[in-house]
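Before any comments, here is the structure.
Treat the numbers as computed from the prediction; the structure is a model and nothing was measured.
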Amino acid sequence: MDIIAKIKDEITSVIGNACAILEENKTFKFEEPGFVLPVEIEVPKDKQNGDFSSNIAMKITKLVKMPPRQTAQLLVDNFDIEDTYIEKVEIAGPGFINFYLKSDWLYDNLKEIDSLDEKYGESDIGEGKKVVVEFVSANPTGPMHMGNARGGVIGDVLANILKKCGYDVTKEFYINDAGAQIEKFKKSLDIRYLQLLKGEDYIELTEDCYQGEDIKDHAKNFIEIYGDKYLDAPEEERRQALCDYALPINIANLKTGLEAYKINYDVWFKESVLHENGEVNETMEELKKSGLTYEKDGALWLKATEFGSEKDEVLIRNTGIPTYFAVDIAYHRNKFEKRGFDKGINVWGADHHGHVARMKGALGAIGTDPDKLEIIIMQLVRLMRNGEIARMSKRTGKMITLNDLIEEIGVDAARFFFNLRQSESHLDFDLDLAVAQNSDNPVFYVQYAHARIASIINALNEEGIDAQGADVTLLKEDEEVELMTSLASLPNEIKLCATLSDPSRITRYVLDLASNFHTFYNAPKCRVKCDDVNLSKARLFLIKQVKTVIKNVLDILAIEAPEKM
C-alpha cells in the first residue's frame, strides 16, 4: 500500500465531491457537466502550510467565474472529511487549500511496513508489461572500463525498481561479436601472435589495433596450446582461429566480472545471431518499403535527416557489409517485433547522444512505435584521489577497469556512488571518500544506520524488551514524526524512480532516511531505552521499521545491509 497515494486519492475525492455539490446547486457552472480539472496535490515546503496543498481553486476560477479565494471558500464549505485522514483544512494566500492530517496515517503506515516487511514499497503500476533493460553491452574485445561501471549500476538498479513496480523485466547484455570491432580484434591478435613467434621487428602493431596487455596474453596462451600451427596458414584462417579462442574467454570474463559486481543478466544476446538468421536483411527490406532509403555510390543510405539527424546514414556499405547502425536497427526490431517487448530502455554513454533521434526515426520507418524505446544518456565519470584525477591502469595502459575499481573500494561503495547522481550529471568519484570508515562516506553512513538499529534491537531483546503490542500513538516528538514521514514516502519514491527512469532517487532517499534516523538517535529526548517501558516499545517498533526500509532499499541497490560493523 502507498499511503501517500491513498491520501491524495482521498483529497481528490473530497474536492471532486464538493465540486459536484456546487454544480448540482448551480453555484458552479461548468461548460461540461461534471467537469473538473485534474487535481494537483503537492507537499508544501513550509510545514506550517499543512501536509498537502492544492491549487484547484485557482485552476477553476475562470470556469466558475469567481475569484480564487471565494472559489476556495465555497469548496471548503462543502468538504466532507469524515472517515478520512484529513483533520482540518485552511485557505491560504491567493486561494491555496491546505490540508492538515491526523497522525493516524503515520501510525497506520508503521503497521503496514511491519505487515508487508520485504514487500513494502512494491506496487502494480507496471501491470505486467514486458520491459527489456539493456545496459553495459561492452565490446567483448577487452576489459570493462569505468563507463561500464556506472552504466551497469544505473541499468541494474532501474531494472530492480521496475520489478518492484510490477513490470515483467528482462535484463539484457548485447554482445557485439560481429562487425568492425571484431575485425580489429582479429588483426590485433594476429599481429601479437606473429610478433611472439617471429619477433617484434617482424611486424608493427599499428595504432588502429588494441594496445592492451590482454591481447598479448591471449596470443601467448594460444601459442601454448597450438604452437606455430597457424603460422603459415592463410591470414583469414589464422585470425579466425585466434578470435575463436580469445573471444569466448573475453565473454566469460565479462560475465564473471559483472557477477562480481552483483549484476546478473537474464539474456546475453549475440549480434551474430541477427546476421545468421537473416534479420538484418529483413530489416533492410522493411526500411526500403518505407521510402526512406536510397542508393548512392553503390551503398544503401537512410534519409536520417528527415527525423532530426544532421546527416543521412549509410546502412549497407558499397562492399555489401551492413554498418553497425543497420544491425542496431535490426536488433531493436527484434526486441519489439520479434520478442514482443512493450518497452525497451537502453543506457548509453554521452557519446551516443546523436544516435537517439536516428534510432527512433528508423524504428518509426519500419512501423514500430518510437516511443517504445527510451534512452538514458549517461555522462562521464572522473575518478579522483587526493583531489586529483586518478592515474591510469598499469595493466591496460589506457584505462581503469571495473575489476581495478572493485579491488580498490569494494562492490558496495562502487554501486552506491555510481547511483548517487542522475545519469545526465557528470560524476567526480572520490576514491578516498569511498573507502572512508566514517559518516562522511554515504554508503558507510547508511549501512551503519542499519547495523546500529540491529544492535539496539538485540540489546533490548536481551533485556526482555520487544516491540510486541507497541502503542505507536506514543510517538509524537518532531524527530519521530520526521522519521515516520520519511518511511511513508518510500512507495511513492519507488514509483517516481520507475516513471522518471531515475534510479538515483532511491539512493538519495535512503541516505536521507539514514540521516533522519541518526538525528532521531542522537536526540536525548528520543532515547529508545527510556524509563517509560511503553514508550521504549513504541520506539523499538519504529526503528524496526526503519531497519526494514533501509534493507529493502539496499536490496534494490544490491548492497549489503550489515547487522554488525
Side-chain angles (χ1 to χ4, degrees), residues 1-5 112-113 116-137 149-173 258 261-267 335 341-348 372-378 411-412 414-425 427 442-443 446 450 486-514 548-561:
M1 180 187 75
D2 182 349
I3 199 160
I4 291 178
E112 187 77 7
I113 298 170
L116 293 175
D117 198 26
E118 75 275 2
K119 293 187 177 297
Y120 178 67
E122 294 182 1
S123 71
D124 59 0
I125 63 169
E127 299 177 331
K129 292 178 182 175
K130 291 180 63 180
V131 179
V132 56
V133 184
E134 182 219 326
F135 54 103
V136 179
S137 296
R150 188 180 192 190
V153 173
I154 291 170
D156 193 49
V157 174
L158 179 57
N160 293 342
I161 286 167
L162 291 168
K163 287 180 182 179
K164 286 286 184 183
C165 290
Y167 289 91
D168 180 2
V169 180
T170 296
K171 298 179 184 180
E172 183 154 300
F173 189 111
L258 287 163
Y261 199 36
K262 299 184 181 179
I263 297 177
N264 293 280
Y265 288 92
D266 301 300
V267 174
K335 288 180 181 178
F341 285 106
D342 299 300
K343 185 175 183 177
I345 300 175
N346 295 354
V347 181
W348 286 353
K372 283 187 173 184
L373 177 63
E374 178 181 350
I375 309 296
I376 296 175
I377 294 296
M378 171 192 64
V411 175
D412 288 349
R415 290 186 65 99
F416 196 96
F417 274 71
F418 279 127
N419 197 52
L420 195 52
R421 300 283 179 267
Q422 289 178 304
S423 59
E424 61 267 27
S425 301
L427 178 64
V443 66
V446 172
H450 186 273
S486 183
L487 292 172
S489 66
L490 176 66
N492 185 58
E493 201 60 51
I494 291 177
K495 289 178 189 175
L496 286 172
C497 287
T499 56
L500 299 174
S501 293
D502 179 11
S504 68
R505 293 184 64 105
I506 200 68
T507 310
R508 295 193 297 276
Y509 165 83
V510 78
L511 187 55
D512 288 341
L513 177 60
T548 294
V549 170
I550 290 176
K551 185 177 188 308
N552 287 359
V553 175
L554 291 180
D555 284 347
I556 291 172
L557 296 171
I559 290 173
E560 183 185 359

Handout entry: Salt bridge flag under 4.0 Å for residues K335 and E134
Key = yes
- Task: Kindly say whether N419 contributes a backbone atom to a donor-acceptor pair with the side chain of T507 at under 3.5 angstrom?
- Result: yes
ask   = Do V446 and L554 pass the side-chain contact (heavy atoms from CB on, under 4.5 Å) test, and can you show the C-alpha distance, the side-chain angles, and the key distance before you say yes or no?
value = CA-CA 9 Å; V446 172; L554 291 180; 4.0 Å; yes
>> Could you check whether K262 pairs with D156 (Lys NZ or Arg NE/NH1/NH2 to Asp/Glu carboxylate O, under 4.0 Å)?
In response: no
Nearest heavy-atom contact between L162 and A498 is CD2-CB, 3.9 Å
Point to revise | Donor-acceptor under 3.5 Å (Y120 side chain, L490 main chain) | key: no
Salt bridge (Lys or Arg N to Asp or Glu O under 4.0 Å) pairs touching residues 119-128, sequence neighbours excluded, are E122-K164
| message | Using a 3.5 Å distance criterion without hydrogens, assess whether the side chain of D266 forms a donor-acceptor pair with backbone atoms of K171. | response | yes
Is N346 reaching over with its side chain to a backbone N or O of W348, donor-acceptor style, under 3.5 angstrom? no
Q. Got K343 and E374 here, is their nearest side-chain heavy-atom distance under 4.5 Å?
A. yes
Using a 3.5 Å distance criterion without hydrogens, assess whether the side chain of N552 forms a donor-acceptor pair with backbone atoms of D117. yes
Those residues at least two apart in sequence (or on a different chain) that pass salt bridge (Lys or Arg N to Asp or Glu O under 4.0 Å) with K163 are none
Practice task
Check whether any side-chain heavy atom of L496 lies under 4.5 Å from a side-chain heavy atom of D502, and answer yes or no.
Solution key: no
**Message:** I'd like to know if K495 and D2 make a salt bridge, using a cut-off of under 4.0 Å between side-chain N and carboxylate O.
**Reply:** yes
Does a side-chain heavy-atom distance below 4.5 Å link E118 with K551? no
Can you confirm whether I4 sits close enough to S489 that some side-chain heavy atom of one is under 4.5 Å from a side-chain heavy atom of the other? yes
To the nearest 0.5 Å, atom CD1 of I506 lies from atom CG of L420 at 12.5 Å
Separation between CG (D512) and CD (E493), nearest 0.5 Å, reads 8.5 Å
- Message: When you measure from the side chain of Y509 to the backbone of S486, do you find a donor-acceptor pair of N or O atoms at a distance under 3.5 Å?
- Response: yes
When rounded to the nearest 0.5 Å, the distance separating CZ of F135 from CD1 of I263 is 5.0 Å
Correct closest heavy-atom pair for V347 and G155 would be CG2-CA, 4.0 Å
query: Hey, mind stepping through K372 and D342 against side-chain contact (heavy atoms from CB on, under 4.5 Å) and telling me if it holds?
result: CA-CA 6 Å; K372 283 187 173 184; D342 299 300; 5.6 Å; no
Look only at the side chain of R415 and the backbone of I559, and say whether a donor-acceptor pair between them is shorter than 3.5 Å. no
- [ ] Could you walk me through whether L258 and F173 pass the side-chain contact (heavy atoms from CB on, under 4.5 Å) test, one step at a time?
- [x] CA-CA 11 Å; L258 287 163; F173 189 111; 3.8 Å; yes
Heavy-atom donor-acceptor pair, N160 side chain to I556 backbone, under 3.5 Å: yes
Beyond-backbone contact of F418 with L427, side-chain heavy atoms, under 4.5 angstrom: yes
Rounded to the nearest 0.5 angstrom, the CD1-OG distance for I161 and S501 is 9.5 Å
Query raised in the report: Do the non-hydrogen side-chain atoms of L513 and V549 ever get within less than 4.5 Å of each other?
Result: yes
query = Less than 4.5 Å apart, any side-chain heavy atom of C165 and any of I494?
reply = yes
State, yes or no, whether a side-chain contact exists between S504 and R421 at a heavy-atom distance under 4.5 Å. no
Taken to the nearest 0.5 Å, the spacing of I345 CD1 from L158 CG works out to 5.0 Å
Hits for ring pair (Phe, Tyr, Trp, His ring centres under 6.0 Å) against F416, two or more places apart or cross-chain, chain-then-number order -> none
